[in-house]
Chemist: 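I'd like to ask some things about the structure below.
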2 protein chains.
Amino acid sequence: MNVRTLCLGILSLQEASGYEIKKDVEDGLFSHFIDASFGSIYPALTQLTAEGYVTVREEEQTGKPDKKVYAITEAGRNALARAISVSPAKDKYKSEFLFQMLLQDYLSPEMMLVAIQKQLDDLNEDLARIAECSHEAAIGHGSHFVADYGNAVLTAGVKCLEYKKAELLQQMAARAAE
Amino acid sequence: MNVRTLCLGILSLQEASGYEIKKDVEDGLFSHFIDASFGSIYPALTQLTAEGYVTVREEEQTGKPDKKVYAITEAGRNALARAISVSPAKDKYKSEFLFQMLLQDYLSPEMMLVAIQKQLDDLNEDLARIAECSHEAAIGHGSHFVADYGNAVLTAGVKCLEYKKAELLQQMAARAAE
DNA sequence: TTGACGCTATATCAGATTGATATATATGCG
DNA sequence: CGCATATATATCAATCTGATATAGCGTCAA
């Protein structure tokens, strides 16, 4: 799935500017399973406009720079329905943290502890973000689904890491006592 | 983290050809949190050789094409240690499945069921792969760590989806009974 | 025995994407 | 006023993906 389809999907839920789409995928409910940079979002919106899948409207703002608000068209909705009907690609998960843990022989126990704590912080931050977004009214079935899935997976990660952290602290204490 | 560091990390665990590295990240123990294509692996190995971080040795095989076996050097181990000592980037998780579920209003219940079942199959396949790799002897602390983490997270995903699937089947039955 | 298929193995490249950087407006703070 | 920060758009080199090409060897059925 490319960034064009991604933008179309977000615009099917609400009108947005490029900047707002970026915020959605960075801090919003989608942040834990979607990512895209300005460098792909802005060209995608330009192309979608040229294809007639979205419309643009320049909006003046007080206290902020003007923005271009994009809205999905009927043709856009059809294109989106077509795009998400194909069997999706398998999930992609990339973790430099796990790569580090795999090569833990190169790390001191202290550095491992720092890495584990950072991962725990990241996971808890994601959980907090989901909780925050879920409080917001007017979210549909889809949002509940992804929030539930995200909670389940992230919570499991936290639980596993808390255990690993305790295990490591015990080992460090034992080594210090020697 | 770039593919060069990734190759260096894998070569620190065992000698390998480019093809074998690809297999490790595709079917091996690392498959669920690492990815790289031939198009990045081969150039990375060429560059690492030029930099003196790895050595190449052409190996003739019976019944298979010859292969180039790469081995990490002392300079390579130092470069690796330096590379993984920096605080790693945050995990990246991209899921077209969750994107589909978010936009479930565009999907029929039957299509949702198919998508959920496919995701369940994918997760169970990953779990089976981890179980299979864990049986193999001579895996170190690092491998156990990532296997445990993978099991925890994937199992949580399966549990959540089993529930969502049952819920959906109930709704479909209720609608059919109307 | 031949030819179709699949696995091992390396290589290349167009197109997509990232991450950084540039530019501009407006607010708040000392 | 200078500085930091947030909003907002845009661009681009470096990187990576996904597809494709090429080739040796094995296997198995027609």
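Throughout, a chain's letter reflects where its sequence line sits, starting with A, and its residues are numbered from 1. It should be emphasised that the depicted structure is a prediction, and the values quoted were computed from it without experimental measurement. Below, all heavy atoms of this structure are taken into account, side chains as well, without hydrogens, waters or symmetry copies.
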Chemist: Without decimals, in angstroms, what is the distance between B:K64 NZ and D:dT27 P?
Modeler: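 Atom-to-atom, B:K64 to D:dT27, this comes out as 12 Å.
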Chemist: In the structure I gave you, are the side-chain heavy atoms of B:L161 and A:F145 within less than 4.5 Å of one another anywhere?
Modeler: yes
Chemist: May I have the list of side-chain donor-acceptor pairs in residues 4-13 of chain B shorter than 3.5 Å, sequence neighbours left out?
Modeler:
unit_1 : atom_1 : unit_2 : atom_2 : d
B:R4   : NE     : B:E51  : OE1    : 3.4
B:R4   : NH2    : B:E51  : OE1    : 3.1
B:R4   : NH2    : B:E51  : OE2    : 3.0
B:T5   : OG1    : B:N2   : OD1    : 2.9
B:S12  : OG     : B:G9   : O      : 2.7

Chemist: Please write out each protein N/O paired with an N/O of nucleotides 16-19 of chain D under 3.5 Å, distance rounded to 0.1 Å.
Modeler:
unit_1 : atom_1 : unit_2 : atom_2 : d
D:dC16 : OP1    : B:V3   : N      : 3.4
D:dT17 : OP1    : A:K94  : NZ     : 3.2
D:dT17 : OP2    : B:S37  : N      : 3.3
D:dT17 : OP2    : B:S37  : OG     : 3.4
D:dT17 : OP2    : B:S40  : OG     : 3.0
D:dG18 : OP1    : A:K92  : NZ     : 2.6

Chemist: For A:R57, what residues pass the side-chain hydrogen bond (donor to acceptor under 3.5 Å, both in side chains) criterion, not counting sequence neighbours?
Modeler: A:E15, A:E59
Chemist: Looking at DNA chain D, which of residues 12-22 of chain B put a heavy atom within less than 4.0 Å of it?
Modeler: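 Per residue number, the list is empty: none.
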Chemist: Output the rounded distance in Å from CD (A:Q61) to P (D:dA6).
Modeler: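 After rounding, the reported distance stands at 17 Å.
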Chemist: Salt bridge or not between A:K90 and B:D126? Use side-chain N to carboxylate O under 4.0 Å.
Modeler: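 Here A:K90 pairs with B:D126 in a salt bridge, since their nearest N and O are under 4.0 Å apart.
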Chemist: Does the salt bridge (charged side-chain N to carboxylate O under 4.0 Å, His left out) test come out yes or no for A:K67 and A:E20, once each step is laid out?
Modeler: CA-CA 10 Å; A:K67 64 178 175 181; A:E20 284 163 347; 2.6 Å; yes
Chemist: Between A:Q47 (CD) and D:dT11 (P), how many Å, whole number?
Modeler: 14 Å
Chemist: Do the rings of A:Y19 and A:F38 sit parallel, tilted or perpendicular, given the 30° and 60° boundaries?
Modeler: parallel
Chemist: Do B:D121 and B:K118 meet the salt-bridge criterion of a basic N to acidic O distance under 4.0 Å?
Modeler: no
Chemist: What are the bounds, 5' to 3', of the part of DNA chain C that sits under 4.0 Å from heavy atoms of chain B?
Modeler: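 Both ends considered, the range comes out as C:dT8 to C:dG19.
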Chemist: If you take all heavy atoms of A:K22 and A:S37, which pair is closest and at what distance?
Modeler: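 In this case the closest contact between A:K22 and A:S37 is NZ-CA, 3.9 Å.
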Chemist: Would you be so kind as to tabulate the donor-acceptor pairs closer than 3.5 Å made by side chains of residues 163-178 of chain A, with sequence neighbours excluded?
Modeler:
unit_1 : atom_1 : unit_2 : atom_2 : d
A:K164 : NZ     : B:D148 : OD2    : 2.7
A:K165 : NZ     : A:Q117 : OE1    : 2.8

Chemist: If only side-chain N and O atoms count, and only distance matters, is there a donor-acceptor pair under 3.5 Å linking B:Y106 with A:R77?
Modeler: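 B:Y106 and A:R77 do have a side-chain donor-acceptor pair below 3.5 Å.
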